[in-house]
Asks: 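Have a look at the structure that comes next, please.
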Amino acid sequence: MLDQIHWLAAVTVLGVLEQAYFFLQVIYARRLFGISPPKISGPPEFERIFRAQVNSSEYFPIFLALLWQAGLFFHQGLAAALGLFYLYARYCYFMGYKASSSERLTPIYFSAGVLWILIAVSALGILHFFLSHYVGLNVVQLLRA
């Protein structure tokens, strides 16, 4: 069983580490700009870092659910590769947003595109499972014939 999920687990750990890095960036920015919790406003530089971290945190559960569904129901390797693309895009988003609000756009669109692909792959995998398990229709075998 573990050989079927090890890449998904590795990408999940990388994602958690990335989230921790984003959290730390907010802590450092709070210290740098003298903004104590629970305040969330301050100089634009702080607000961009804070917003980038919050936005990344908001999408992380969606990413994890889709990563694991795509990996379990479709293909672990493809899901893990898409997961790495997503994490890289999120890192670029964070660093771009930290520099300027306009530099976040390309990476955010790319990461959203990866999420849409993960949705499609997940849906296809789950559909194939239901068709083969409950209807007895194996679409993969039909396509090969």
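Note that the structure is a prediction, hence the values are computed from the model and not measured.
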Asks: Measure the CZ-OH distance between Phe60 and Tyr86 for me, rounded to the nearest 0.5 Å.
Replies: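 So the gap between those two atoms works out to 8.5 Å.
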
Asks: Aromatic rings Tyr91 and Tyr21: how do their planes relate, parallel, tilted or perpendicular, breaks at 30° and 60°?
Replies: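 If you compare the ring of Tyr91 with that of Tyr21, the planes turn out tilted.
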
Asks: OH of Tyr88: more than 12 outside heavy atoms within 6.0 angstrom?
Replies: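 For Tyr88, atom OH is not crowded (no more than 12 foreign heavy atoms under 6.0 Å).
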
Asks: Minimum heavy-atom separation for Leu72 to Leu8, with atom names?
Replies: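 Nearest pair, atom of Leu72 first, then Leu8: N-CD1, 4.2 Å.
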
Asks: Classify the ring geometry of Phe129 against His133: parallel below 30°, tilted from 30° to 60°, perpendicular beyond 60°.
Replies: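 Ring orientation, 0 to 90° scale: parallel.
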
Asks: Show me, pair by pair, the donor-acceptor contacts under 3.5 angstrom made by side chains of residues 30-39, not counting sequence neighbours?
Replies:
{"unit_1": "Arg30", "atom_1": "NH1", "unit_2": "Ile35", "atom_2": "O", "d": "3.3"}
{"unit_1": "Arg30", "atom_1": "NH1", "unit_2": "Lys39", "atom_2": "O", "d": "2.7"}
{"unit_1": "Arg30", "atom_1": "NH2", "unit_2": "Lys39", "atom_2": "O", "d": "3.0"}

Asks: Do you know which two heavy atoms are closest between Phe22 and Arg90, and how far apart they sit?
Replies: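 Between these two residues, the closest heavy atoms are CZ-O, 3.8 Å.
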
Asks: Ignoring hydrogens and geometry, is there a side-chain-to-backbone donor-acceptor pair from Gln4 to Gln76 under 3.5 Å?
Replies: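 No, because the side chain of Gln4 does not come within donor-acceptor range (under 3.5 Å) of the backbone of Gln76.
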
Asks: Mind checking whether Leu14 and Leu84 have side chains closer than 4.5 Å, heavy atoms only?
Replies: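 Yes, close enough: below the 4.5 Å cut-off.
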
Asks: Roughly how far, to the nearest 0.5 Å, is CG of Leu82 from CZ of Phe63?
Replies: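 Rounded to the nearest 0.5 Å, the CZ-CG separation comes out at 9.0 Å.
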
Asks: Got Phe74 and Ile126 here, is their nearest side-chain heavy-atom distance under 4.5 Å?
Replies: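 Phe74 vs Ile126: side chains apart.
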
Asks: Hey, does Ile49 have a side-chain heavy atom less than 4.5 Å from the side chain of Tyr28?
Replies: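 Sidechains of Ile49 and Tyr28: no contact.
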
Asks: Hey, any chance Phe46 and Val54 share a hydrophobic cluster, counting ILVMFWY side chains that come within less than 4.5 Å of each other, even indirectly?
Replies: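 Both belong to a single hydrophobic cluster.
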
Asks: Hey, what do you get for CE (Met95) to CD (Gln25), rounding to the nearest 0.5 Å?
Replies: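 CD of Gln25 is found 6.5 Å from CE of Met95.
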
Asks: Quick check: are there more than 12 heavy atoms from other residues, nucleotides or ligands sitting under 6.0 Å from CH2 of Trp7?
Replies: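 Open.
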
Asks: How close do Phe23 and Ser57 get, heavy atom to heavy atom, and via which atoms?
Replies: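 The pair with the smallest heavy-atom distance is CE2-OG, 3.5 Å.
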
Asks: Grab the two heavy atoms, one from Glu47 and one from Ile40, that are nearest each other, plus how far apart they are.
Replies: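 Heavy atoms of Glu47 and Ile40 come nearest at CG-O, 4.0 Å.
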
Asks: According to side-chain contact (heavy atoms from CB on, under 4.5 Å), who are the partners of Ser132, at least two apart in sequence or on a separate chain?
Replies: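 side-chain contact (heavy atoms from CB on, under 4.5 Å) check on Ser132 returns His128.
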
Asks: Distance only, no hydrogens: is a donor on one side chain within 3.5 Å (strictly under) of an acceptor on the other, for Ser56 and Gln19?
Replies: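 Gln19 and Ser56 do not have a side-chain donor-acceptor pair below 3.5 Å.
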
Asks: Ignoring hydrogens and geometry, is there a side-chain-to-backbone donor-acceptor pair from Arg48 to Lys98 under 3.5 Å?
Replies: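 Yes: the side chain of Arg48 pairs with the backbone of Lys98.
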
Asks: Identify the heavy atoms of Leu67 and Ala79 that sit nearest to each other, and give their distance.
Replies: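 Here Leu67 and Ala79 meet closest at CD1-O, 3.2 Å.
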
Asks: Do Leu87 and Val16 share a hydrophobic cluster, counting only Ile, Leu, Val, Met, Phe, Trp and Tyr and linking them when any side-chain heavy atoms are less than 4.5 Å apart?
Replies: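 Yes; tracing contacts between hydrophobic side chains, which count when under 4.5 Å, links both residues.
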
Asks: Give, for atom CH2 of Trp68 and atom CD1 of Ile5, the distance between the pair rounded to the nearest 0.5 Å.
Replies: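 So the gap between those two atoms works out to 4.5 Å.
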
Asks: Of all the heavy-atom pairs spanning Arg51 and Tyr93, show the shortest one and how long it is.
Replies: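 Closest approach of Arg51 to Tyr93, heavy atoms only: O-OH, 4.4 Å.
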
Asks: Side-chain donor-acceptor pairs under 3.5 Å in residues 105-125, sequence neighbours left out?
Replies:
{"unit_1": "Ser111", "atom_1": "OG", "unit_2": "Pro107", "atom_2": "O", "d": "3.3"}
{"unit_1": "Ser111", "atom_1": "OG", "unit_2": "Ile108", "atom_2": "O", "d": "3.0"}
{"unit_1": "Ser122", "atom_1": "OG", "unit_2": "Leu66", "atom_2": "O", "d": "3.4"}
{"unit_1": "Ser122", "atom_1": "OG", "unit_2": "Ala70", "atom_2": "N", "d": "3.2"}
{"unit_1": "Ser122", "atom_1": "OG", "unit_2": "Leu118", "atom_2": "O", "d": "2.7"}

